[in-house]
S.K.: 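Before I ask anything, here is the structure I am working with.
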Amino acid sequence: MSSERSPETAAPTAGVLAALAVLAAVVAPYFLISPSEASVYYGVPVPVPIHLVVGLFAAVAVIVFAAGRNDRTDPQTAAGVAVVLGGFMAVLSLWWAIAAGDVVGSFPTDAAFDYHRWALFGAALAVAGSAGWYAGQVV
């Protein structure tokens with residue numbers, strides 16, 4: 001690692017906040033609906049457990065953004081890893097949000113919950129956008 005400090009940018013901080021928003025969105029259904037309904041909601045037929053994979057990627061993204069921001073790792077490497085994580089989170093959450101459309105309407109919940117899947121996708125898209133912004137700043 002070089003002795004010069006990476007340029008100051010708000011992109012990694014925005015990435016940390018976006019990844020924390022993804023984590024909050026992943027756990028929100030467990031507080032908004034019953035656990036059995038949440039398992040049905042997240043069990044929509046896609047080959048991967050979306051809430052676990054996206055949640056894990058978001059937790060790793062928090063660490064990656066923070067490590068790049070604090071010069072604990074090479075900023076270019078951190079930005080590259082964050083772009084990959086954000087991209088996968090956005091694609092997986094969009095895929096799941098489309099597939100979960102039929103299941104959402106069957107829950108006896110507040111109408112605001114109908115938009116949860118899109119909020120999760122938006123938060124994942126914010127991680128990808130922050131990662132792209134960060135990559136543009138450090139290259």
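Positions are given from 1, in the same order as the sequence printed here.
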S.K.: Might you point out which heavy atoms bring Val16 and Arg69 nearest each other, and give the distance in Å?
M.R.: CG2-NH1, 4.4 Å
S.K.: Listing request: all ring-ring contact (aromatic ring centres under 6.0 Å, His included) pairs with a residue in residues 56-93, at least two apart in sequence or in separate chains.
M.R.: none
S.K.: Could you list who else is in Leu94's hydrophobic cluster, with ILVMFWY side chains joined at under 4.5 Å, directly or through other members?
M.R.: Ile98, Trp118, Phe121, Leu125
S.K.: Do the side chains of Tyr30 and Tyr41 get nearer than 4.5 Å, heavy atoms only?
M.R.: no
S.K.: When rounded to the nearest 0.5 angstrom, what distance separates CG in Leu120 from CE in Met89?
M.R.: 9.5 Å
S.K.: Would a single hydrophobic cluster contain both Val81 and Leu17, if residues Ile, Leu, Val, Met, Phe, Trp and Tyr are joined by side-chain heavy-atom contacts under 4.5 Å?
M.R.: no
S.K.: Would you please name every residue forming a side chain to side chain donor-acceptor pair (under 3.5 Å) with Ser39, sequence neighbours left out?
M.R.: none
S.K.: Measure across Ala100 and Arg117 and return the closest heavy-atom pair with its distance rounded to 0.1 Å.
M.R.: CB-CD, 4.1 Å
S.K.: Quick one: list whatever passes side-chain contact (heavy atoms from CB on, under 4.5 Å) with Val60, sequence neighbours left out.
M.R.: Leu56, Val64, Leu85
S.K.: With sequence neighbours left out, write down each residue that passes side-chain contact (heavy atoms from CB on, under 4.5 Å) with Ile63, or none if nothing qualifies.
M.R.: none
S.K.: Ala10: what forms a side-chain contact (heavy atoms from CB on, under 4.5 Å) with it, not counting sequence neighbours?
M.R.: Trp133
S.K.: When hydrophobic residues are tied together by side-chain contacts of less than 4.5 Å, even through go-betweens, does Leu92 share a cluster with Val127?
M.R.: yes
S.K.: Under 4.5 Å between side-chain heavy atoms, hopping through other hydrophobics if needed: is there a path connecting Val53 to Val26?
M.R.: yes
S.K.: Has the side chain of His116 got a donor or acceptor atom that lies under 3.5 Å from a matching backbone atom of Ala25?
M.R.: yes
S.K.: Would you name the heavy atoms of Ala58 and Ala19 that are closest together and state the gap between them?
M.R.: O-CB, 3.5 Å
S.K.: According to a 4.5 Å side-chain heavy-atom criterion applied to Ile, Leu, Val, Met, Phe, Trp and Tyr, with indirect links allowed, do Tyr42 and Leu52 form part of one hydrophobic cluster?
M.R.: no
S.K.: Which atom pair, heavy atoms only, marks the closest approach of Gly68 to Thr73?
M.R.: N-CG2, 3.8 Å
S.K.: Output all residues satisfying side-chain contact (heavy atoms from CB on, under 4.5 Å) with Ala135, sequence neighbours left out; order by chain, then residue number.
M.R.: Ala79, Val83
S.K.: Going only through I, L, V, M, F, W and Y residues with side-chain contacts under 4.5 Å, is there a path from Val44 to Val27?
M.R.: no
S.K.: Any donor and acceptor pair, going by atom type alone, linking the side chain of Arg72 with main-chain N or O of Ala67 inside 3.5 Å?
M.R.: no
S.K.: For Ala78, does its backbone N or O pair with a side-chain atom of Tyr134 as donor and acceptor, under 3.5 Å?
M.R.: no
